[in-house]
Visitor: 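Dumping the structure here so I can ask a few things about it.
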Amino acid sequence: MTTLVERLRAAGCVFAEEEADLLAGAARDDGHLAELAARRIGGEPLEHVVGWAEFCGLRMEVGAGAFVPRRRSEFLVREAVALAGPGAVVLDLCCGVGALGAAVAAQVPGGVELHAADVDPAALAYARRNVAPYGGSVWEGDLYAALPASLRGRVDLLVVNAPYVPTQEIGFMPSEARDHEPLLSLDGGADGLDIHRRVAAGSAAWLAPGGRLLIETSSRQSPSTASALGAAGLATRTVTSQELYATVVIAEA
Ligand SMILES: C[S@@+](CC[C@H](N)C(=O)[O-])C[C@H]1O[C@@H](n2cnc3c(N)ncnc32)[C@H](O)[C@@H]1O
């Protein structure tokens, strides 16, 4: 009889043994395991099937219809934590399932005042659960329009992983992203930077004096991301991680 590992390997899962263990761990019984295995073999992201993604050593709840937090975004978290003082007001804008904000909150000694916002209610259903252990508040709406007026001028750290894939490149993404994550979470417009420009333009009203905005981008797009932030009156620097293949622009009010 063909084993689950063999079926996963035949379906193209490189880490078939590990995946089989994770699927078995998520299943309530044999029937449920068969159901989960069929979804994975059918091409759904493993994280959607098991219901969680590991991020910065934490389990973040995630599921069908939501963007899966990427390992490379752990670099942005690392940079944000290095800049955060105890009690910092942290806003995770375009938060998806809230992984970035939750991971920052988990790592800052003394904790932070955490806010997370996104336009997609499906993602926010997970974000609510992921930020709850840190007393986080979740807001729904289009970028800054989601936020309560009481946050104006108070944000010490604005962390952003917004969509930045150029529209023409969506078709080249792996099927797990293209077919299973919302287009809204991937598509950044013609040059990928539509949301970056809007985040930059609106940031001054929400950042505290000396507050920082950290935004994930690609190395190719980073000069344009930085120039959008510069045009909004912020001083920028770009940091990179070879290990995580990650680029972050850090801007200061
Ligand atoms: C690349 S995903 C990243 C999610 C999360 N920051 C992470 O790294 O896991 C981008 C997120 O931006 C959200 N988004 C796209 N357009 C938005 C808008 N106009 N206002 C608020 N959120 C938006 C999407 O719903 C999606 O959750």
Side-chain angles (χ1 to χ4, degrees), residues 45 47-48 52-56 58-81 90-106 114-131 136-148 151 155 157-167 169-170 173-174 176-178 180-190 192-203 206 213-218 221 225 228 241 244-249:
E47 295 84 351
H48 283 181
W52 57 273
E54 189 189 329
F55 187 76
C56 292
L58 300 168
R59 273 193 183 199
M60 301 293 172
E61 287 194 38
V62 65
F67 181 88
V68 178
R70 304 295 202 262
R71 183 55 56 88
R72 87 160 60 89
S73 302
E74 294 185 356
F75 179 59
L76 188 153
V77 170
R78 203 187 302 164
E79 293 293 317
V81 169
V90 175
L91 169 60
D92 182 354
L93 194 63
C94 296
C95 69
V97 302
L100 274 61
V104 171
L114 176 60
H115 298 266
D118 200 285
V119 76
D120 181 357
L124 289 177
Y126 297 105
R128 259 181 213 103
R129 297 199 284 275
N130 289 325
V131 306
S137 302
V138 167
W139 309 98
E140 180 182 335
D142 178 29
L143 295 184
Y144 301 103
L147 304 175
L151 258 189
V155 177
L157 279 178
L158 175 45
V159 298
V160 188
N161 180 24
Y164 58 88
V165 180
T167 305
E169 294 176 21
I170 300 282
M173 295 187 79
E176 285 188 22
R178 205 169 9 97
H180 297 281
E181 294 180 316
L183 187 59
L184 179 70
S185 71
L186 305 171
D187 189 349
L193 299 172
D194 283 0
I195 304 275
H196 285 194
R197 281 184 285 271
R198 291 182 57 211
V199 167
S203 60
W206 299 90
L213 188 166
L214 295 89
I215 188 164
E216 182 174 306
T217 187
S218 68
Q221 292 163 302
T225 300
S241 163
L244 291 175
Y245 195 61
T247 302
V248 171
V249 177

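Counting starts at 1 for both ligands and their atoms, in listed order. Any value given below was found using the heavy atoms of this structure, including those in side chains, with hydrogens, waters and symmetry copies removed. Since the structure is predicted, the reported quantities are computational estimates derived from the model, not experimental observations.
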Visitor: With heavy-atom distances below 4.5 Å as the criterion, would you say the side chains of Phe67 and Asn161 are in contact?
Guide: yes
Visitor: Decide side-chain contact (heavy atoms from CB on, under 4.5 Å) for Leu93 and Leu213; before the verdict, give the C-alpha distance in whole Å, the side-chain angles of both, and the deciding distance to 0.1 Å.
Guide: CA-CA 10 Å; Leu93 194 63; Leu213 188 166; over 6 Å; no
Visitor: Quick one, list the residues around ligand 1 where some non-hydrogen atom comes in under 4.0 Å, by chain and residue number.
Guide: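 Its neighbours under 4.0 Å (heavy atoms only) are Phe67, Pro69, Cys94, Cys95, Gly96, Leu100, Asp118, Val119, Asp120, Gly141, Asp142, Leu143, Asn161, Pro163, Leu184, Ser185, Ile195, Arg198, given by chain and number.
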Visitor: So Leu124 and Cys95, side-chain contact (heavy atoms from CB on, under 4.5 Å) or not? Walk me through it.
Guide: CA-CA 8 Å; Leu124 289 177; Cys95 69; 3.7 Å; yes
Visitor: What is the ring orientation for Tyr144 with Trp206, classed by angle as parallel under 30°, tilted 30 to 60°, or perpendicular over 60°?
Guide: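 Rings of Tyr144 and Trp206: parallel, under 30°.
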Visitor: Under the rule for side chain to side chain contact (heavy atoms under 4.5 Å, CB included), what residues qualify as partners of Pro174, not counting sequence neighbours?
Guide: none
Visitor: Checking salt bridge (charged side-chain N to carboxylate O under 4.0 Å, His left out) between Arg70 and each of Glu181, Glu216, Glu54, which is the one that passes?
Guide: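 For Arg70, the salt bridge (charged side-chain N to carboxylate O under 4.0 Å, His left out) test succeeds with only one of Glu181, Glu216, Glu54, which is Glu181.
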